[in-house]
Amino acid sequence: MSDAKLSGMRVLITQSRDFMGPALGEVFAAAGAEVLADDSSPVVPEAAAQIIADAGRIDALVLNLALPAPATRAEQVGDDEWRAVFRVLVDPMQQLVRAVLPQMIERRSGKIVLMGSAAALRGMSGRSSYAAARGAQLAYIQAVGVEVAGQGIRVNAIAQNFVDNPTYFPPEVQARPEFQERLRWQVPLGRLVTPFEDASFAAYLCSEAANCFVGQIFPVCGGWVPR
């Protein structure tokens with residue numbers, strides 16, 4: 001999948017300095033894409049439309065949106081936390097897709113890939129607000145993927161966990177003995193997925209070789225979620 005051919009494609013990567021942004025930029029550039037790395041915050045409603053307008057032609061949109069996951073018991077999740085998580089993960093996703101679809105529909109071609117989370121596919125204690133927002137992302141991608149498939153646009157998502165990245169698994173977390181033990185008993189792979197492995201799969205989903213996938217969710221989590 002590292003051999004995905006993206007020559008001539010203009011690929012917009014959001015939140016490019018965070019989460020999977022740096023790895024995505026490196027892998028997509030190596031595959032021949034013109035990488036449009038946007039590191040601005042899309043949380044203001046008008047920001048998403050401006051990001052798309054400033055980018056011009058976008059052949060592929062990679063929705064890389066992240067925030068540190070709150071660890072709050074369900075009965076203690078307040079309105080502010082709930083709204084804040086959806087404001088970062090869900091609202092900008094919908095606004096970015098809404099803004100980019102007209103040009104893709106006009107050309108009858110385009111790729112949209114969400115860097116989502118497997119937290120939406122398996123219960124995690126203390127992560128209700130985060131899992132709910134990630135679940136909303138996946139439901140949206142599935143619906144939009146089916147809706148626009150007939151117009152030549154492919155919309156899919158990676159649902160990841162236990163992928164090496166600075167937002168969720170910084171070096172200080174990885175160095176903890178309890179984390180290493182968790183890897184051994186929770187993740188069949190026995191290690192973190194590398195940034196290159198994850199970003200290479202995203203590049204593949206943006207390539208012509210992946211045109212058969214429509215509104216699908218692909219877990220990339222070392223077997224933590226088997227489906």
Side-chain angles (χ1 to χ4, degrees), residues 11-28 35-45 47-48 51-52 55 60-72 77 80-97 99-100 112-122 124 126-141 155-174 179 187 192-203 205-206 217-222 224-225:
V11 180
L12 175 61
I13 300 171
T14 66
Q15 223 174 308
S16 60
R17 294 185 182 180
D18 305 318
F19 191 28
M20 299 307 301
L24 289 164
E26 183 177 345
V27 168
F28 274 74
V35 176
L36 310 172
D38 189 278
D39 62 2
S40 61
S41 173
V43 297
V44 177
I51 289 170
I52 299 300
L61 170 63
V62 182
L63 296 161
N64 180 64
L65 302 166
L67 84 169
T72 310
V77 173
D80 288 346
E81 176 183 316
W82 187 266
R83 283 192 294 264
V85 175
F86 274 73
R87 183 170 64 93
V88 173
L89 297 179
V90 181
D91 297 345
M93 173 197 62
Q94 188 270 338
Q95 292 154 6
L96 288 159
V97 172
V100 80
I112 298 174
V113 173
L114 168 73
M115 306 306 292
S117 174
L121 304 178
R122 172 175 170 173
M124 296 180 67
R127 305 292 188 190
S128 61
S129 61
Y130 180 76
R134 288 300 194 182
Q137 285 186 325
L138 299 187
Y140 178 79
I141 290 298
V155 182
N156 295 288
I158 291 173
Q160 67 180 68
N161 195 9
F162 293 105
V163 176
D164 189 355
N165 71 84
T167 301
Y168 298 108
F169 300 104
E172 60 270 22
V173 169
Q174 295 186 38
F179 178 75
V187 183
L192 292 177
V193 177
T194 70
F196 176 79
E197 289 169 328
D198 191 35
S200 294
F201 188 56
L205 290 176
C206 288
I217 309 301
F218 297 95
V220 177
C221 55
W224 183 70
V225 172

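All values derive from a computational prediction rather than experimental measurement. Every heavy atom of this structure was used, including side-chain atoms; hydrogens, water molecules and symmetry mates were not.
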K.L.:
With side chain to side chain contact (heavy atoms under 4.5 Å, CB included) as the test, would you mind laying out the steps for Leu96 and Leu61 before giving the verdict?
P.N.:
CA-CA 9 Å; Leu96 288 159; Leu61 170 63; 4.3 Å; yes
K.L.:
Can you list the steps and then say if Ser200 with Glu197 is a side chain to side chain donor-acceptor pair (under 3.5 Å)?
P.N.:
CA-CA 5 Å; Ser200 294; Glu197 289 169 328; over 6 Å; no
K.L.:
Between Val187 and Cys221, is there a side-chain heavy-atom distance shorter than 4.5 Å?
P.N.:
no
K.L.:
Over all heavy atoms of both residues, which pair between Pro92 and Val43 is shortest? Give the atoms and the distance, please.
P.N.:
CG-CA, 4.2 Å
K.L.:
Is Ile141 close to Gln137 at the side-chain level, that is, under 4.5 Å between some pair of heavy atoms?
P.N.:
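In short, these two side chains do not touch, never coming nearer than 4.5 Å.
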K.L.:
Under the side chain to side chain contact (heavy atoms under 4.5 Å, CB included) rule, what do Asp198 and Leu24 come out as? Steps first, then yes or no, please.
P.N.:
CA-CA 8 Å; Asp198 191 35; Leu24 289 164; over 6 Å; no
K.L.:
Do Leu36 and Asp38 have side-chain heavy atoms sitting under 4.5 Å apart?
P.N.:
no
K.L.:
Under 4.5 Å between any side-chain heavy atoms of Ser117 and Leu89, yes or no?
P.N.:
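No, too far: nothing below the 4.5 Å cut-off.
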K.L.:
With side chain to side chain donor-acceptor pair (under 3.5 Å) as the test, would you mind laying out the steps for Asp164 and Gln174 before giving the verdict?
P.N.:
CA-CA 9 Å; Asp164 189 355; Gln174 295 186 38; 2.9 Å; yes
K.L.:
Say whether, by atom type as modelled, one donor and one acceptor occur between the side chain of Arg127 and the main chain of Ala119 under 3.5 angstrom.
P.N.:
no
K.L.:
How far apart are the closest heavy atoms of Ala202 and Val113, and which atoms are they?
P.N.:
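Answer, listing the atom of Ala202 first, then Val113: O-CG2, 4.4 Å.
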K.L.:
Which heavy atom in Thr167 sits nearest to a heavy atom in Pro68, and how many Å separate them?
P.N.:
CG2-N, 4.4 Å
K.L.:
Can you list the residues that meet the salt bridge (charged side-chain N to carboxylate O under 4.0 Å, His left out) rule with Arg83, with sequence neighbours excluded?
P.N.:
Asp80
K.L.:
So that I know where these two stand, are Tyr168 and Phe19 an aromatic pair - ring centroids less than 6.0 Å apart?
P.N.:
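Tyr168 vs Phe19: aromatic centres under 6.0 Å.
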K.L.:
Rounded to the nearest 0.5 Å, how far apart are OG1 of Thr14 and CG of Asp39?
P.N.:
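Reported value, rounded in 0.5 Å steps: 10.5 Å.
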K.L.:
Tell me whether the rings of Phe201 and Phe218 are parallel (<30°), tilted (30 to 60°) or perpendicular (>60°).
P.N.:
perpendicular
K.L.:
Going from CD on Glu26 to CE on Met20, what distance comes out if it is rounded to the nearest 0.5 angstrom?
P.N.:
10.5 Å
K.L.:
Are Val97 and Ile112 close enough that some pair of their side-chain heavy atoms sits under 4.5 Å apart?
P.N.:
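Yes, side chains in contact.
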K.L.:
Do you know which two heavy atoms are closest between Ala199 and Ala23, and how far apart they sit?
P.N.:
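Looking at all heavy atoms of both residues, the shortest contact is CB-O, 3.7 Å.
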K.L.:
Under a 4.5 Å cut-off applied to non-hydrogen side-chain atoms, are Val62 and Val11 in contact?
P.N.:
yes
K.L.:
Are Arg122 and Asn161 packed together at the side-chain level, in the sense that at least one heavy-atom pair is separated by less than 4.5 angstrom?
P.N.:
no
K.L.:
Taking all non-hydrogen atoms of both residues, which atom of Ala132 and which atom of Trp82 are closest, and how far apart?
P.N.:
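Looking at all heavy atoms of both residues, the shortest contact is CB-CH2, 3.5 Å.
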K.L.:
Kindly indicate whether the side chain of Val90, heavy atoms from C-beta on, has any atom under 4.5 Å from the side chain of Tyr140.
P.N.:
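Val90 does not reach Tyr140 side chain to side chain.
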K.L.:
Just how far is it from atom CG of Leu63 to atom CD of Gln94, taken to the nearest 0.5 Å?
P.N.:
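Result: 11.0 Å between the selected atoms.
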K.L.:
Atom CG of Leu12 and atom CD1 of Ile52: how far apart are they, to the nearest 0.5 Å?
P.N.:
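Spacing of CG (Leu12) from CD1 (Ile52) equals 5.0 Å.
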K.L.:
Once you round to the nearest 0.5 Å, how far does CG of Asp18 lie from CG of Leu67?
P.N.:
10.5 Å
K.L.:
Would the distance check show the side chain of Asn64 and the main-chain N or O of Gln15 forming a donor-acceptor pair, the cut-off being under 3.5 Å?
P.N.:
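A pair under 3.5 Å: yes.
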K.L.:
Minimum heavy-atom separation for Gln95 and Pro42, please, with both atom names.
P.N.:
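Nearest pair, atom of Gln95 first, then Pro42: OE1-O, 4.1 Å.
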K.L.:
Could you list the residues that satisfy side chain to side chain donor-acceptor pair (under 3.5 Å) with Arg87, not counting sequence neighbours?
P.N.:
none
K.L.:
Going through the checks in order, is the side chain to side chain contact (heavy atoms under 4.5 Å, CB included) test met by Leu192 and Phe179?
P.N.:
CA-CA 11 Å; Leu192 292 177; Phe179 178 75; 3.9 Å; yes
K.L.:
Would you say the side-chain atoms of Asn165 pair up with the backbone N or O of Val163, donor to acceptor, closer than 3.5 Å?
P.N.:
yes
K.L.:
With sequence neighbours excluded, tell me which residues meet side chain to side chain donor-acceptor pair (under 3.5 Å) with Glu81.
P.N.:
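Residues passing side chain to side chain donor-acceptor pair (under 3.5 Å) with Glu81: Thr72, Ser129.
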